[in-house]
Amino acid sequence: MSQVHALSDDQAGCRMSEAQYSEYTNMNGATQQVGQELRKMTAFIKQEALEKAREIEIKANEEFSIEKSKLVRQDTDAIDAAHAKKLKQASMSQQITRSTVANKTRLKVLAARQQLLDDIFADAAARLAAGTKDPAKYRTTLKNLLLEGLYALSESDIKVRARKADYDVLKGAIEDAEKEYKEKTGKETKATIDEANALPEGSSGGVVIVGGQGKIDINNTFEQRLHLLQSSGLPAVRQTLFGKNPNRKFYD
């Protein structure tokens, strides 16, 4: 009997152990389920964190690229502006240099041309005296110079100044001029040599016609005629020697 009760007690102990084991097993299953949930949550959070980190990285890279492009563009614009400024300065410097060289060249050309003209008229002045060597031709020249004065003054009595060396030729020229003046105008005129006021012997020739009771004189000496030619005929001489000036728009 006691053995039966002892077996019953052992069996009861075994049953308690089975109950406890079942409870333990249930608790262990719940723990595993909680662990799985925790792992899922952990994996989700980790994934969310990775995606967020990736978004932050992408955004940071985009902002970096934008800022980098902005800085590069600013630096490029600055470099382009500096290059354009230097290029403009170089162009202006080149234009100034070209203009300076052109002006210097033009001035040299003008100076050379003027020197040529001066030499031409100086040579002409040196040859003026040669116009008196042939008495017949010189007489005709003096007659024409006298007639210019007679027509201009239109007076009945005038004085004529000349070199003393020309008096003999001048007398014949006066006769010729008075005769032709009368033929052309029908008027009488008397030309007298002003021996008290002879032209200097250094003069190249020609005459000075005096009228208006000594108040008016017409200088028809060779030197004066050359001077007038140099003033009035200079444009024609220039054109003959150097051609037309392309920059000249107006002519007298």
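The basis for the numbers below is simple: all heavy atoms, side chains too, and nothing from hydrogens, waters or symmetry mates. Residues take their numbers from the sequence shown, with the count starting at 1. Everything numeric in this text was worked out from a predicted model, so none of it was measured.
- Between R161 and the choices T221, V210, I193, the side chain to side chain contact (heavy atoms under 4.5 Å, CB included) rule is met once, by V210.
- Using a 4.5 Å heavy-atom cutoff, the side chains of E67 and E63 are not in contact.
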| request: List the steps, then state whether side-chain contact (heavy atoms from CB on, under 4.5 Å) holds for V72 with K68. | output: CA-CA 6 Å; V72 170; K68 180 181 177 181; 4.2 Å; yes

| task | Before giving the answer on side-chain contact (heavy atoms from CB on, under 4.5 Å), spell out for S69 and F64 the whole-Å C-alpha distance, their side-chain angles and the decisive distance to 0.1 Å. | result | CA-CA 8 Å; S69 299; F64 172 77; over 6 Å; no

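- For the pair I174 and E178, the minimum side-chain heavy-atom distance is below 4.5 Å.
- The backbone N or O of A236 sits less than 3.5 Å from a side-chain atom of T240, completing a donor-acceptor pair.
- A side-chain donor from one of E223 and S204 sits under 3.5 Å from a side-chain acceptor of the other.
- Taking 4.0 Å as the cut-off between side-chain N and carboxylate O, E62 and K59 do not count as a salt-bridged pair.
- Residues Y167 and E195 share a closest heavy-atom pair of OH-CA, 3.5 Å.
- Hydrophobic clustering (side-chain heavy atoms under 4.5 Å, transitive across Ile, Leu, Val, Met, Phe, Trp, Tyr) keeps V208 apart from I158.
- Linking ILVMFWY side-chain heavy atoms closer than 4.5 Å, directly or via other members, places L128 and L199 in two distinct hydrophobic clusters.
- Ion pair R163/D166 flagged as a salt bridge, since at least one NZ, NE, NH1 or NH2 atom sits closer than 4.0 Å to an Asp/Glu carboxylate oxygen.
- Atoms OG1 and CG, on T141 and N220 in that order, are 11.5 Å from each other to the nearest 0.5 Å.
- E37 places a side-chain heavy atom less than 4.5 Å from the side chain of K40.
- One N or O on the side chain of T42 and one on the backbone of L38 form a donor-acceptor pair closer than 3.5 Å.
- When side chains are defined from C-beta on, K52 does not count as touching E48, because their heavy atoms never get closer than 4.5 Å.
- Qualifying salt bridge (Lys or Arg N to Asp or Glu O under 4.0 Å) partners for D168, counting only residues two or more places apart in sequence or in other chains: none.
- The closest side-chain heavy-atom distance from K187 to K182 is not below 4.5 Å.
- We find the CG-CD1 distance between N61 and I56 to be 12.0 Å, quoted to the nearest 0.5 Å.
- Closest non-hydrogen pair, L153 versus I209, comes out as CD1-CG2, 3.6 Å.
- Between R127 and D123, at least one side-chain nitrogen of the basic residue sits less than 4.0 Å from a carboxylate oxygen of the acidic one, meeting the salt-bridge criterion.
- Contact detail for S232 and P235: the closest heavy-atom pair is O-CD, 3.6 Å.
- Between P135 and V169, the shortest heavy-atom distance links the atoms O-CG1, 3.9 Å.
- V237 and L116 fall within the same hydrophobic cluster, defined by Ile, Leu, Val, Met, Phe, Trp and Tyr side-chain heavy atoms under 4.5 Å apart, directly or through other members.
- Here E57 contributes atom CD and L50 contributes atom CG; the two are 11.0 Å apart, rounded to the nearest 0.5 Å.
- A salt bridge is absent between K164 and E201: the closest approach of a Lys/Arg side-chain nitrogen to an acidic carboxylate oxygen does not fall below 4.0 angstrom.
- Residue L226 is grouped with residue L241 when hydrophobic side chains (ILVMFWY) are merged at heavy-atom distances under 4.5 angstrom, including chains of intermediate members.
- Closest heavy-atom contact between A162 and G206: CB-O, 4.0 Å.
- Minimum heavy-atom separation, Y151 to E180: OH-O, 4.3 Å.
- Comment: E148 engages R225 in a salt bridge, judged by a side-chain N to carboxylate O separation of less than 4.0 angstrom.
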| query | Given the rule in the side-chain contact (heavy atoms from CB on, under 4.5 Å) test, do Q94 and R98 qualify, once you have shown the distances and angles that lead to the verdict? | reply | CA-CA 6 Å; Q94 187 178 22; R98 188 184 296 111; 3.5 Å; yes

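- Contact check for L147 versus D176: no side-chain heavy atoms found under the 4.5 Å cut-off.
- At a threshold of 4.5 Å between side-chain heavy atoms, the hydrophobic network of Ile, Leu, Val, Met, Phe, Trp and Tyr places F242 and L234 in one connected group.
- In this structure, the side chains of T189 and D157 stay at 4.5 Å or more apart for every pair of heavy atoms.
- In this structure the side chain of L170 reaches within 4.5 angstrom of the side chain of V160, judged on heavy atoms.
- Environment of CD in Q74: crowded, with over 12 heavy atoms of neighbouring residues, nucleotides or ligands closer than 6.0 Å.
- The backbone N or O of L150 lies less than 3.5 Å from no partner atom in the side chain of E155, so there is not a single donor-acceptor pair.
- From Q230, atom CD reaches atom CD1 of I120 across 10.5 Å, with rounding to the nearest 0.5 Å.
- Once rounded to the nearest 0.5 Å, the distance linking CG of D80 with OG1 of T76 reads 6.5 Å.
- Rounding to the nearest 0.5 angstrom, the gap separating the CD atom in Q224 from the OG atom in S203 is 11.0 Å.
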